[in-house]
Amino acid sequence: MALRFEILGRFNRARAAQLTLPHFMCQTPLFMPVGTQGTIKGLTTSQLEDIGCQIILGNTYHLALRPTSELIDELGGLHKFMNWPRALLTDSGGFQMVSLLHLADITEKGVTFQSPVDGKPMLLTPEESIQIQNRIGADIIMALDDVVRTTITGPRIEEAMYRTLRWIDRCIAAAAAVSSRRCWCTVVWVATSICMGGGGDLQRDVAGFRGGGSMGWMKSVAEVAAEAERRWCNSLAIHMTISPSMSAHKRPHDQNLFGIVQGGLDPVLRDICVKGLVERNLPGYAIGGLAGGEDKDSFWRVVAQCTAALPEDKPRYVMGVGYPLDIVVCSALGADMYDCVYPTRTARFGTALVPEGVLKLKHQAMANDTRPVDITCECMVCKNYSRAYIHCLVTKDAMGSQLLSYHNLFYMMKLSRDLHSSIVEGRFPEICRGRYARYGEGGMEFFRGSEEGDGSVVFPKGDVPEWVCNAMEVAGIDISSCGAPFPST
């Protein structure tokens, strides 16, 4: 294990910690900007250091396509390749099962993508994902998981959860571990005589023994054999092919493999996945499959369930979360790490993050506004440029999106620092109440610009979404002074 996680302060479920990684000592809660191909669009690594960025996220799938993990490895790893001295995290490529579903074919073996670069097929297996990430050299690497949207219902959710558990073992398994721990197995049943009341087709992949379901489950060789003898008959010949993928993870002493909790919005499946991953004693754990269109009430309940069940002494990472209000709520529920393209993507559309929510610089109301984007912000953009200047740029020049990307990431880094210090100093409820009193629904308080004014708040000040009130009640934080809750839509 190549990390140390030390909790420095708590407030009920919220915690502030020091996360020591091979390349940097981080303070949590923390937000990680997404640099898909080793870069944050429009910003230099020096600028990212200046604003306090601690970890940058890279994408295994895209880096494997261009410039290739082999080239990155030859040039000294991604840290050296992109001139970034601090920590890196690479995702596994699993999210592309959702974002590039039209190009992907998912099987037990792995995911076959049609390359968007040259159209050639690319098979990404759990083993290959880890090997690519080993070559890239990030401080934290993610296990390949089977990702489905939380808006999907039915057996596909269960299938993905169990496959995620099988795949984590393929990422970390070693041949010597077969006799002492669970491994990934493919069991082929061959009928040698008529049994089970007929001569049906009994040749199949292991069905698992969870209520006769169709999804496989990790079992030891002895368990599988005993179960077969009990449930079928002695005239079944059992042929087992064990594929532990000899030590897929080659760098456990300088890279940290995180597992990902899946299970959709089903609390039973989430619980099974959490327990299965915790048994494997990984350096850290992520909560995946969220921020994909589910309602906010379901979102926070999944986060609350998972953080309550994951180990206290390991970092907890909620994947794909980037709205400031969501980060505050998740931190109150005990999460530590977050990532999202939102701050930089919304900047490219001319939108700035401000304490009240967001400010749309494309609105005509900004054309003559000489104020900074945020009068309370100390970033380079707010010190030197007016709303009117950025308004001119965002519709015509890439410089506008670069300035807003800088400001938005500065805002997110300050939010992370504020959360950390408030928990350590026992002020966490105050910072929560201060933010909720200024936010509209979901932390997305849009400004409606008009020629008559400079932009006004759509949602009345003090109205807090009901889902936020419910989540904070579970977190043990009273925000009743912020105003009356209103139902989420």
Derivation of the side-chain hydrogen bond (donor to acceptor under 3.5 Å, both in side chains) call for Asp50 and Tyr406: CA-CA 10 Å; Asp50 290 343; Tyr406 185 101; 5.1 Å; no

On the 0 to 90° scale, with breaks at 30° and 60°, tag the [X]-[Y] ring pair as parallel, tilted or perpendicular.
X	Y	result
His407	Tyr411	tilted
Phe299	Trp467	perpendicular
Tyr342	Tyr323	perpendicular

Between Arg280 and Ile168, is a side-chain contact (heavy atoms from CB on, under 4.5 Å) present by the stated rule, with each step listed? CA-CA 9 Å; Arg280 285 149 178 82; Ile168 185 66; 3.7 Å; yes

Between the side chain of [X] and the main-chain N/O of [Y], is any donor-acceptor distance below 3.5 Å?
X	Y	value
Arg86	Cys53	yes
Arg170	Arg166	no
Glu128	Leu123	no

Check whether the side chains of [X] and [Y] place a donor and an acceptor atom closer than 3.5 Å, and report yes or no.
X	Y	value
Asn59	Gln37	no
Ser422	Arg427	no
Thr45	Glu49	no
Asn408	Ser405	no
Ser331	Tyr338	yes
His420	Gln27	yes

Side-chain touch [X]/[Y], heavy atoms, less than 4.5 angstrom:
X	Y	answer
Leu144	Thr125	no
Pro465	Lys296	no
Thr20	Leu3	no
Leu88	Leu57	no
Asp169	Leu165	no
Gln255	Asp139	no
Cys171	Leu257	yes
Pro315	Thr28	no

Any chance you could measure [X], atom [atom1], to [Y], atom [atom2], to the nearest 0.5 Å?
X	Y	atom1	atom2	value
Arg15	Glu312	CZ	CD	5.5 Å
Phe410	Leu353	CZ	CG	13.0 Å
Ser129	Met142	OG	CE	10.0 Å
Asp418	Cys432	CG	SG	11.0 Å
Phe428	Ser421	CZ	OG	11.0 Å
Leu63	Ser69	CG	OG	8.5 Å

Using a 6.0 Å cut-off, check whether atom [atom1] of [X] has over 12 heavy atoms from anything other than its own residue.
X	atom1	value
Lys362	NZ	yes
Arg66	CZ	no
Arg4	CZ	no
Glu473	CD	no

Is there a salt bridge (Lys or Arg N to Asp or Glu O under 4.0 Å) between Asp146 and Arg163? Walk through the geometry before answering. CA-CA 6 Å; Asp146 188 351; Arg163 182 172 287 146; 3.0 Å; yes

Please test Thr351 against Leu361 for side-chain contact (heavy atoms from CB on, under 4.5 Å), starting from the C-alpha separation and ending with a verdict. CA-CA 6 Å; Thr351 302; Leu361 275 301; over 6 Å; no

Should Val261 and Arg270 be marked as a side-chain contact (heavy atoms from CB on, under 4.5 Å) after you check the CA-CA gap, both sets of side-chain angles, and the distance that decides it? CA-CA 7 Å; Val261 180; Arg270 287 281 179 175; 3.9 Å; yes

Dump the intermediate steps for side-chain hydrogen bond (donor to acceptor under 3.5 Å, both in side chains) on Thr307 and Arg13, then the final yes or no. CA-CA 9 Å; Thr307 53; Arg13 295 177 62 156; 2.9 Å; yes

Start with the C-alpha distance between Ile136 and Asp73, add both sets of side-chain angles, then the distance that settles side-chain contact (heavy atoms from CB on, under 4.5 Å), and finish with yes or no. CA-CA 6 Å; Ile136 292 171; Asp73 190 24; over 6 Å; no

For Asp254, side-chain contact (heavy atoms from CB on, under 4.5 Å) partners two or more places apart: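 side-chain contact (heavy atoms from CB on, under 4.5 Å) check on Asp254 returns Arg251.
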
For Gln262, what residues pass the side-chain hydrogen bond (donor to acceptor under 3.5 Å, both in side chains) criterion, not counting sequence neighbours?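 If we apply the side-chain hydrogen bond (donor to acceptor under 3.5 Å, both in side chains) test to Gln262, skipping adjacent residues, the hits are Asp145.
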
